[in-house]
Amino acid sequence: MDREWYARDVETVARELIGCRLVHGKRAGIIVETEAYRGPEDGASHARFGPTARTAVMFGKGGVAYVYLCYGIHEMFNIVTGVEGQGQAVLIRAVAMPDDDALGRGPGKVTKALAIDRSHDRRDLTRGALYVAPGETPPAVKAGPRVGVDYAGEWANKPFRYWWADHPAVSRAPVRGKVSTRRKRSR
DNA sequence: GCCTGGATTATC
DNA sequence: ATAATCCAGGCA
């Protein structure tokens with residue numbers, strides 16, 4: 001995909017990424033689940049604090065990778081969209097791998113399956129070994145609330161998550177309304 | 001500087 | 001239900 005394609009609105013790109021091929025060298029998978037993060041006004045987005053050392057890339061041009069470490073364990077792959085200053089990005093939550101459907105299920109698994117890590121942060125996706133290409137046409141795409149962003153108030157309910165309807169590689173959405181990520185610190 | 005808590009996943 | 005594991009960013 002070229003710069004123009006990525007420069008469009010984040011919701012459009014997130015929706016159209018479903019069915020596309022995500023390629024990294026010899027590895028590739030079909031994207032079956034994404035989430036749109038709208039910009040500084042989006043209470044669920046890393047962009048909500050404005051540009052910082054980590055998130056400045058989100059405020060740059062579209063078609064660039066944003067990769068960050070989550071929970072100290074998992075690396076998450078995002079694609080910046082829109083034009084400079086907007087702060088939009090799409091999280092790739094699941095890909096269908098040719099051999100193993102379970103391999104690309106869940107955002108932490110996507111980076112594992114395609115060997116993407118923080119060294120790819122800020123990588124230009126319009127040139128090089130990491131890129132998106134046309135793939136298949138999904139029979140149906142559904143939309144619903146994003147996963148794991150209950151802290152974001154009204155923004156948590158917006159239907160910014162897109163997935164290939166009934167595809168087996170789509171991540172299982174956890175039961176919402178339950179927050180069990182609290183870890184007690186002895187103090 | 002210190003401290004909180006997370007765009008998650010595996011296992012208990 | 002909770003451990004694993006680390007660092008960004010708010011606040012003092």
**Student:** Would you say A:Tyr151 reaches B:dA7's phosphate, i.e. side-chain N/O to OP1/OP2 under 4.0 Å?
**Tutor:**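 Affirmative; the distance criterion is met.
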**Student:** Can you classify the ring geometry of A:Trp164 versus A:His167 as parallel (below 30°), tilted (30 to 60°) or perpendicular (above 60°)?
**Tutor:**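 A:Trp164 and A:His167: perpendicular rings.
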**Student:** Could you tell me the Watson-Crick or G-U partner of C:dT5, where both distances fall under 3.5 Å? Say none if there is no partner.
**Tutor:**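 Because no pair has both required distances under 3.5 Å, C:dT5 counts as unpaired.
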**Student:** Using atom CG of A:Leu69 as one end and atom P of B:dT9 as the other, report the distance to the nearest whole Å.
**Tutor:**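 After rounding, the reported distance stands at 13 Å.
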**Student:** With a cut-off of less than 4.0 Å, is there a side-chain N or O of A:Lys112 near OP1 or OP2 of B:dT9?
**Tutor:**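 No, because none of the side-chain N or O atoms of A:Lys112 sits under 4.0 Å from OP1 or OP2 of B:dT9.
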**Student:** Taking atom P in both C:dT5 and B:dC2, what distance in whole Å separates the two?
**Tutor:**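 Looking at atom P only, C:dT5 and B:dC2 are 23 Å apart.
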**Student:** Is A:Arg118 close enough and on-axis enough to A:Tyr68, meaning under 6.0 Å and within 45°, for cation-pi?
**Tutor:**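 A:Arg118 over A:Tyr68 ring: no.
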**Student:** Grab the CG-C1' distance between A:Asp150 and B:dG6 for me, whole Å please.
**Tutor:**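 A:Asp150 atom CG is separated from B:dG6 atom C1' by 12 Å.
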**Student:** I need the NZ-P distance between A:Lys158 and B:dA7, as an integer number of Å.
**Tutor:**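 In whole Å, B:dA7 P lies 18 Å from A:Lys158 NZ.
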**Student:** Does A:Glu11 come within less than 4.0 Å of A:Arg38, counting only side-chain N to carboxylate O?
**Tutor:**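 Salt bridge flag = yes for A:Arg38 with A:Glu11.
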**Student:** Grab the CE-P distance between A:Met76 and B:dT9 for me, whole Å please.
**Tutor:**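 To the nearest whole Å, that distance equals 6 Å.
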**Student:** Between A:His46 and C:dA8, is there a side-chain N or O to OP1/OP2 distance below 4.0 Å?
**Tutor:**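 So the side-chain polar atoms of A:His46 never come under 4.0 Å of the phosphate oxygens OP1 or OP2 of C:dA8.
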**Student:** Taking only side-chain N and O atoms of A:Arg54, does any of them lie within less than 4.0 angstrom of OP1 or OP2 on C:dG9?
**Tutor:**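 For C:dG9, OP1 or OP2 has a side-chain N or O of A:Arg54 closer than 4.0 Å.
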**Student:** Between C:dG9, B:dT8, B:dA7, which nucleotide has the shortest distance from any of its atoms to the side chain of A:Met58?
**Tutor:**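 Among the listed nucleotides, the one closest to the side chain of A:Met58 is B:dA7.
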**Student:** Please determine, by modelled atom types, if A:Glu35 and A:Tyr37 share a side-chain donor-acceptor pair under 3.5 angstrom.
**Tutor:**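 The answer is yes; a qualifying pair exists.
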**Student:** Taking CZ from A:Arg93 and P from B:dT9, how many angstroms apart are they, rounded to a whole number?
**Tutor:**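 To the nearest whole Å, that distance equals 6 Å.
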**Student:** For A:Trp5, does the six-membered ring have the charged nitrogen or CZ of A:Arg8 within the cation-pi criterion, i.e. under 6.0 angstrom from the centroid and within 45° of the normal?
**Tutor:**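 A:Arg8 over A:Trp5 ring: yes.
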**Student:** Quick check for you: among C:dG9, B:dT8, C:dT5, whose closest atom lies nearest to any side-chain atom of A:Ile73?
**Tutor:**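 For the A:Ile73 side chain, the nearest candidate turns out to be C:dT5.
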**Student:** Is it true that A:His24 and A:Tyr131 share a donor-acceptor pair across their side chains at a distance under 3.5 Å?
**Tutor:**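 No pair is found: no donor N or O on one side chain lies under 3.5 Å from an acceptor on the other.
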**Student:** Between A:Arg48 (CZ) and B:dG5 (P), how many Å, whole number?
**Tutor:**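 Nearest whole value for this atom pair: 12 Å.
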**Student:** Looking only at the side chain of A:Ser45 (C-beta and beyond, no hydrogens), which of the listed nucleotides B:dT8, B:dA7, B:dA10 gets closest?
**Tutor:**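 Out of B:dT8, B:dA7, B:dA10, the nucleotide with an atom closest to A:Ser45's side chain is B:dA7.
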**Student:** Taking CD from A:Glu75 and P from C:dC7, how many angstroms apart are they, rounded to a whole number?
**Tutor:**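 Distance, rounded to whole Å: 10 Å.
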**Student:** Tell me whether the side-chain N/O atoms of A:Thr52 come closer than 4.0 Å to OP1 or OP2 in C:dG9.
**Tutor:**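 Looking at the OP1 and OP2 atoms of C:dG9, one of them is under 4.0 Å from a side-chain N or O of A:Thr52.
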**Student:** Name the closest nucleotide to the A:Tyr37 side chain, picking from B:dA7, C:dT5, C:dC7.
**Tutor:**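 So the nucleotide nearest the side chain must be B:dA7.
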**Student:** Going by ring centres under 5.5 Å and near-parallel planes (under 30°), is A:Tyr71 stacked on C:dA4?
**Tutor:**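 According to the criterion (under 5.5 Å, under 30°), no, A:Tyr71 does not stack.
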**Student:** Rounded to whole angstrom units, what separation is found between the CG atom of A:Leu91 and the P atom of B:dT9?
**Tutor:**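 Distance, rounded to whole Å: 9 Å.
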**Student:** Whom does B:dA7 pair with, Watson-Crick or G-U wobble, provided both distances fall under 3.5 Å?
**Tutor:**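 The answer is none; no pair meets the criterion.
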**Student:** So if I take every side-chain heavy atom of A:Asn78 and compare against C:dC7, B:dA7, C:dG9, which nucleotide ends up nearest?
**Tutor:**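 From the listed options, B:dA7 comes nearest.
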